[in-house]
Amino acid sequence: MSAAVEPVSAAPLSEATQARFAREVAKYPPEQKQSAVMACLSIVQQEQGWVSPENELAVAEYLGMPPMAVHEVTTFYNMYNQKPVGRFKLNVCTNAPCMFAGGPQALQHLCDKLGVQPYGTTADGMFTVQPSECLGACGDSPVMLVNDRHMCSYMSNDKLDQLVDGLRKAED
Amino acid sequence: MARVQEILAQFQAKGVETCFHGRHINPQIYAELNGGNWGLKDYEARGGYAALRKIVGQDGGAGMTQDEVIAELKASGLRGRGGAGFPTGLKWSFMPRGFPGQKYLVCNSDEGEPGTFKDRDILMYNPHAVIEGMAIAAYAMGASVGYNYIHGEVFQVYERFEAAIEQAREAGYLGQGVMGSTFNFQLHAHHGFGAYICGEETALLESLEGKKGQPRFKPPFPASFGLYGKPTTINNTETFAATPWIIRNGGPAYLECGKPNNGGTKIFSIQGDVERPGNYEIPLGTPFAKLLELAGGVRGGKTLKAVIPGGSSSPVLPADIIMQCTMDYDSIAKAGSMLGSGAVMVMDDSRDMVETLLRLSYFYMHESCGQCTPCREGTGWLWRMVERIEHGQGRPEDLDVLDNVAENIMGRTICALGDAAAMPVRAMLKHFRHEFAAKIDAAQKQAA
């Protein structure tokens with residue numbers, strides 16, 4: 001056997017977070033609370049930056065699900081961060097339609113500018129850059145998703161520079 | 001934090017290029033939109049919710065029965081806009097009538113087929129058309145609860161749809177006793193979080209139940225065993241958005257604006273090597289050449305090489321074939337491909353087909369849910385072989401093996417993702433085999 005695994009306990013959920021969870025749970029029949037698991041995990045990710053084992057447990061307890069069923073969801077869907085990422089996660093689409101319209105070049109430009117490899121995080125913990133599959137905004141290519149919730153369109157090199165510089169300044 | 005939001009907002013698309021370009025032909029869903037008029041009052045001013053009012057008999061008329069609504073849909077020739085093109089009226093008639101328990105209605109807005117971005121613009125700029133369409137469908141099938149499953153990557157669209165639902169609720173178009181009638185309909189928005197497979201309807205149901213999005217065996221079909229095991233109908237966003245127009249103007253009028261067996265307008269998401277990528281709503285049966293012209297032609301005045309006419313899963317068609325096609329289910333099927341979701345990927349004569357297939361093959365490998373062996377293993381084999389060919393390590397036998405692996409995936413999986421991965425491979429080999437063979441030849445010479 002490998003080294004003993006540290007036991008994990010559920011992270012506390014703030015009242016505000018629980019209120020957000022409750023709003024999602026209310027959409028489904030009372031006996032189907034599990035339907036809210038994707039939304040709850042994405043709320044956790046928005047607030048904490050990633051989905052930690054402690055947070056998976058907290059969601060499992062809140063929804064009355066086996067922890068493993070929550071973990072299955074975290075690991076199945078591409079957008080959940082299973083490890084901490086930078087303050088800003090930048091996902092650049094490189095799928096075929098974007099490949100014809102500068103997606104891979106945008107990814108390269110970002111990596112060069114930030115001095116990271118794809119999937120890497122800058123030393124200051126500010127940016128993580130990831131290539132991604134279709135974001136569903138092919139007409140706006142090059143497109144980039146920032147922190148799962150903000151689509152940025154027509155991202156020429158100039159605009160990428162503006163965005164990165166702007167976010168850096170805003171966080172200083 | 002507020003400052004961050006401000007910066008990000010500067011880069012948000014406004015829809016001008018993709019939707020408000022004024023180059024649609026007789027649009028029904030995108031008609032009169034400008035980005036600012038997505039709200040309830042504007043939708044009503046465009047004639048919105050008149051169809052719902054009509055069927056529940058709150059417009060001074062007698063209302064319509066469930067059968068009358070379904071008959072109107074059948075007469076319209078509306079076919080599913082998500083990819084399969086199944087007749088909508090027929091699908092609605094499959095829902096059990098006398099079923100005593102809960103029935104559900106689901107909208108599939110998990111728009112992840114590479115090349116497609118039409119539902120995004122519908123939900124962002126005309127969300128009430130989808131809400132009204134869903135309410136009409138719910139009435140026709142006796143479903144009192146609905147969910148709209150929205151692609152997780154377009155979160156702003158999800159937020160917009162939630163805001164529109166709230167408006168519709170306040171105005172009495174949703175909830176208990178819609179517009180004072182006895183019809184009840186609750187509607188909720190649900191978002192995905194990055195899984196192409198959830199566009200498959202039974203994977204979507206699993207996901208909606210809070211599980212991994214792995215497709216279910218069919219039968220049983222969702223109409224008998226769907227969400228939470230209850231009778232469920234799932235339609236695409238654009239299908240629902242087309243419905244109010246049909247009820248307002250009648251099924252025959254809708255059929256007339258398309259061509260026989262292909263009623264109505266369809267939104268095409270055209271991208272790749274064109275001057276003006278975007279969504280174009282045009283009558284079904286419009287020549288491909290006209291669509292290409294609307295999109296400004298091939299970028300940089302280059303020559304058209306090939307088109308993938310219905311999303312990345314549909315077989316590629318060389319220029320000489322697609323230029324003879326009209327954009328409708330039957331014409332594209334006859335040419336050996338599929339109209340699919342209406343994503344039209346245009347490639348100019350500088351495009352390398354091996355490189356293109358390599359990217360698509362990677363996508364299907366990445367998105368296979370892992371449930372069926374032929375797909376889970378086969379998509380990896382396909383990708384690795386195409387990668388070998390692209391990187392100068394191809395072997396002469398690879399082309400036959402590629403085709404053989406693709407053939408052995410097709411029809412041997414629970415859902416259509418296997419076919420979706422295999423079809424592009426087979427079509428590329430059929431039409432552009434020489435490009436693959438040339439790379440293999442070059443590799444062989446290099447080795448010798």
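These numbers come from the heavy atoms of this one structure, side chains and all, not from hydrogens, waters or symmetry mates. Every chain is numbered from 1 and lettered A, B, ... according to where its sequence line falls, protein lines coming before strand lines. Everything numeric in this text was worked out from a predicted model, so none of it was measured.
No salt bridge links A/Asp140 with B/Lys14; every basic N to acidic carboxylate O contact stays at or beyond 4.0 Å. We find that A/Arg149 and B/Glu153 are not joined by a salt bridge, their nearest charged nitrogen and carboxylate oxygen being 4.0 Å or further apart.
Put simply, the side chain of B/Phe155 does not reach to within 4.5 Å of the side chain of A/Leu145, judged on heavy atoms. With contacts defined as side-chain heavy-atom distances shorter than 4.5 Å, the pair A/Leu163/B/Phe11 qualifies. Put simply, the side chain of A/Lys169 does not reach to within 4.5 Å of the side chain of B/Arg3, judged on heavy atoms. The shortest side-chain heavy-atom distance between B/Gln12 and A/Met151 does not fall under the 4.5 Å cut-off. In this structure the side chain of B/Tyr149 reaches within 4.5 angstrom of the side chain of A/Met38, judged on heavy atoms. Looking at heavy atoms from C-beta onward, B/Glu17 lies in side-chain contact with A/Tyr154 at the 4.5 angstrom threshold. Contact annotation: the side chain of B/Ile7 approaches that of A/Leu167 to within less than 4.5 Å [non-hydrogen atoms, C-beta and beyond]. Counting heavy atoms from C-beta outward, B/Leu8 and A/Asn147 have side chains that stay 4.5 Å or more apart.
Across B/Glu111, B/Glu355, B/Gln10, B/Lys211, the residue that shares the most heavy-atom pairs under 4.5 angstrom with chain A is B/Lys211. Contact count versus chain A (heavy atoms, under 4.5 Å) is highest, among B/Ser269, B/Cys369, B/Gly213, B/Ala189, for B/Gly213. Taking B/Thr356, B/Val346, B/Asp273, B/Ile270 one by one and counting their heavy-atom pairs under 4.5 Å with chain A, the maximum is reached by B/Thr356.
Distance check: B/Phe117 CZ to A/Ser153 OG gives 10.5 Å after rounding to the nearest 0.5 Å. Here the CD atom belonging to B/Glu209 is positioned 8.0 Å from the CD atom belonging to A/Gln34, to the nearest 0.5 angstrom.
Pairing each heavy atom of B/Pro277 with each of A/Gly139, the nearest pair is CB-O, 3.9 Å. Taking every heavy atom of both residues into account, A/Cys134 and B/Gly112 meet most closely at CB-O, 3.8 Å. Residues B/Tyr147 and A/Pro29 share a closest heavy-atom pair of OH-CD, 3.7 Å.
In this structure, B/Gln271 contributes its side chain and A/Pro97 its backbone to no donor-acceptor pair below 3.5 Å. Proximity of a side-chain donor or acceptor of B/Arg299 to a complementary backbone N or O of A/Ala101 within less than 3.5 Å is not detected.
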Show the numbers, then the answer: is there a side chain to side chain contact (heavy atoms under 4.5 Å, CB included) between A/Glu133 and B/Glu367? CA-CA 9 Å; A/Glu133 293 304 339; B/Glu367 297 298 328; 3.7 Å; yes
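With a 4.5 angstrom heavy-atom cutoff, A/Glu31 does not touch chain B via any of its atoms. Of the two parts of A/Ser132, only the backbone, made up of N, CA, C and O, holds a non-hydrogen atom closer than 4.5 Å to a non-hydrogen atom of chain B. Within the 4.5 angstrom heavy-atom criterion, no atom of B/Glu206 approaches chain A. Heavy atoms of B/Val157 lying under 4.5 Å from chain A are absent altogether. Contact annotation for B/His191: both backbone and side-chain heavy atoms come within less than 4.5 Å of a heavy atom of chain A. Proximity to chain A is absent for every atom of B/Leu358, based on heavy atoms less than 4.5 angstrom apart.
Ring geometry, B/His190 versus A/Tyr28: the interplanar angle exceeds 60°, so the pair is classed perpendicular (tilted spans 30 to 60°).
Heavy-atom proximity under 4.5 angstrom to chain B picks out A/Met65, A/Glu72, A/Val73, A/Phe76, A/Tyr77, A/Asn78, A/Met79, A/Tyr80 from residues 62-84 of chain A.
Under the side chain to side chain donor-acceptor pair (under 3.5 Å) criterion, B/Glu238 pairs with B/Lys118, B/Lys266, not counting sequence neighbours.
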